[in-house]
Enquirer: 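Handing you this structure, nothing more for now.
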Protein chains: 2
Amino acid sequence: MTAQRLNVIREVLASSPVASQDELRRKLRRRGIHVTQATLSRDIHKLRLSKGPGGYSLPNGHNVPTIAAAAEEDQPLSLGEMIDSFGLRVRQAMNQVVLSTVMGGAQPVAAALDREEWPEVVGTIAGDDTVLLICTDSRHASEVETRLRTMLEV
Amino acid sequence: MTAQRLNVIREVLASSPVASQDELRRKLRRRGIHVTQATLSRDIHKLRLSKGPGGYSLPNGHNVPTIAAAAEEDQPLSLGEMIDSFGLRVRQAMNQVVLSTVMGGAQPVAAALDREEWPEVVGTIAGDDTVLLICTDSRHASEVETRLRTMLEV
DNA sequence: GGTAGGCCTGTATAAGTATGCAACACATAT
DNA sequence: ATATGTGTTGCATACTTATACAGGCCTACC
């Protein structure tokens with residue numbers, strides 16, 4: 001019963017913009033479904049819809065709400081686990097640290113690094129198998145390198 | 001004044017989830033920005049943010065027709081427009097400048113930067129949300145940083 | 001049977017968001 | 001200098017959404 005209503009809601013959203021739960025309620029009523037706004041609030045939560053300019057939208061594609069939601073649900077791996085799983089070697093040059101990983105491992109490792117928010121790391125860039133860490137200076141880069149190397153060798 | 005606040009809002013959203021406008025208000029207050037919920041409601045409208053499970057999120061997904069259309073319609077956006085649309089913050093270290101953008105914004109911003117062909121920029125590297133500019137030297141990097149920061153804050 | 005737990009719902013209301021209005025600041029035009 | 005237009009803000013409040021609560025309907029298991 002509920003599941004069927006959720007499907008109809010998806011249909012309605014796909015066919016025309018919906019600006020509010022009360023508008024959705026009226027559109028559903030035209031299709032023979034008669035529920036209150038409260039129920040729709042719960043349905044919207046179940047469907048993990050997001051509301052933006054243009055009304056409610058399905059959590060398809062690469063839109064941010066989905067990503068944010070996914071990040072909330074499953075706890076992302078810790079940096080240590082990441083390095084342990086994907087890291088290959090670490091090298092330093094000037095104020096930069098280059099972290100080599102298995103193919104495809106750079107992005108998740110960089111994400112984990114970003115989550116750490118190390119103050120001496122200005123930013124990270126990830127390719128396919130390489131993460132570049134930009135540090136504030138050479139000394140801090142050296143510290144970061146040591147830290148990462150320790151994680152690798154454990 | 002407003003534009004700067006909008007940038008801070010983007011930063012706050014990029015760094016941690018925000019569940020309500022009042023929570024956003026408190027986070028901004030910690031950064032010295034003191035406005036009411038009403039103003040934030042208007043800011044959120046200007047930024048075309050959407051709210052879903054996981055709180056408010058930036059409109060970098062391709063699910064918002066208006067944004068997507070605007071980005072694909074005209075000739076490639078100018079660097080200024082790029083920075084204004086996607087840029088979050090700029091920091092300099094040594095001969096490098098790191099430009100943080102919203103997720104997915106780095107590639108187009110880097111392309112726009114390349115088009116500029118600034119003589120003091122030797123090259124650029126783009127990840128998902130970070131652009132690295134390699135400059136000829138520290139002084140030039142500082143100039144570039146200032147230039148980009150100006151674009152951000154206007 | 002009867003009881004307990006789970007799920008779904010509407011009601012009432014709390015929580016959150018948008019907006020009309022007036023005040024003010026600043027720019028440009030008269 | 002005064003007027004006019006544009007833009008921003010806070011306040012108060014209308015509008016919208018979420019939720020505590022209670023009741024109904026199942027099913028499972030004494």
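Since this is a predicted model, take the numbers as computed values, not measurements. Naming convention: chains lettered A, B, ... in sequence-line order (proteins, then strands); numbering from 1 in each chain. In what follows, every heavy atom counts, from backbone to side chain, and hydrogens, waters and symmetry copies are set aside.
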Enquirer: Given the rule in the side chain to side chain contact (heavy atoms under 4.5 Å, CB included) test, do Val90(B) and Val98(B) qualify, once you have shown the distances and angles that lead to the verdict?
Expert: CA-CA 6 Å; Val90(B) 188; Val98(B) 173; over 6 Å; no
Enquirer: Please report, rounded to the nearest Å, how far the P atom of dG7(D) is from the NE2 atom of His45(B).
Expert: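 Value for this atom pair: 14 Å.
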Enquirer: Can you pull the contact range of chain A along DNA chain C, 5' to 3', using atoms under 4.0 angstrom from its heavy atoms?
Expert: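 Nucleotide range in contact with chain A: dC8(C) to dT11(C).
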Enquirer: How many whole angstroms separate atom CG of Asp43(B) from atom P of dT9(D)?
Expert: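 Going from CG in Asp43(B) over to P in dT9(D) covers 6 Å.
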Enquirer: Kindly give the heavy-atom pair with the smallest separation between Val18(B) and Glu23(B), and that separation in Å.
Expert: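 It is CA-OE2, 3.7 Å.
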Enquirer: Would you indicate what Arg5(A) reaches in the nucleic acid, counting non-hydrogen atoms under 4.0 angstrom: base, sugar-phosphate, or nothing?
Expert: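 It contacts sugar-phosphate atoms only.
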Enquirer: According to a hydrophobic-cluster definition based on side-chain heavy atoms being under 4.5 Å apart (Ile, Leu, Val, Met, Phe, Trp, Tyr only), do Tyr56(B) and Leu28(B) belong together?
Expert: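 Per the 4.5 Å side-chain linkage, Tyr56(B) and Leu28(B) are co-clustered.
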Enquirer: Okay, side chain of Thr101(B), backbone of Ala106(B): is any donor-acceptor separation there less than 3.5 Å?
Expert: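 A pair under 3.5 Å: yes.
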Enquirer: Between Arg147(A) and Glu116(A), is there a salt bridge with N-O shorter than 4.0 Å?
Expert: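 Salt bridge absent between Glu116(A) and Arg147(A).
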Enquirer: So, Asp114(A) and Thr124(A): side-chain donor and acceptor under 3.5 Å apart, yes or no?
Expert: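 Asp114(A) vs Thr124(A): donor-acceptor pair found between side chains.
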Enquirer: Ile44(A) CD1 to dT19(D) C1': how many Å, rounded?
Expert: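 These atoms are roughly 14 Å apart.
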Enquirer: Between Thr39(A) (side chain only) and Val35(A) (backbone N and O only), is there a donor and an acceptor less than 3.5 Å apart?
Expert: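 No.
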Enquirer: Is there a donor-acceptor contact under 3.5 Å from the side chain of Asn95(A) to the main chain of Cys135(A)?
Expert: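 Here the side-chain-to-backbone pair exists.
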Enquirer: Once each nucleotide of nucleotides 11-17 of chain D is scored for protein heavy atoms under 4.0 Å, what B/S/- sequence comes out, 5' to 3'?
Expert: B----SB
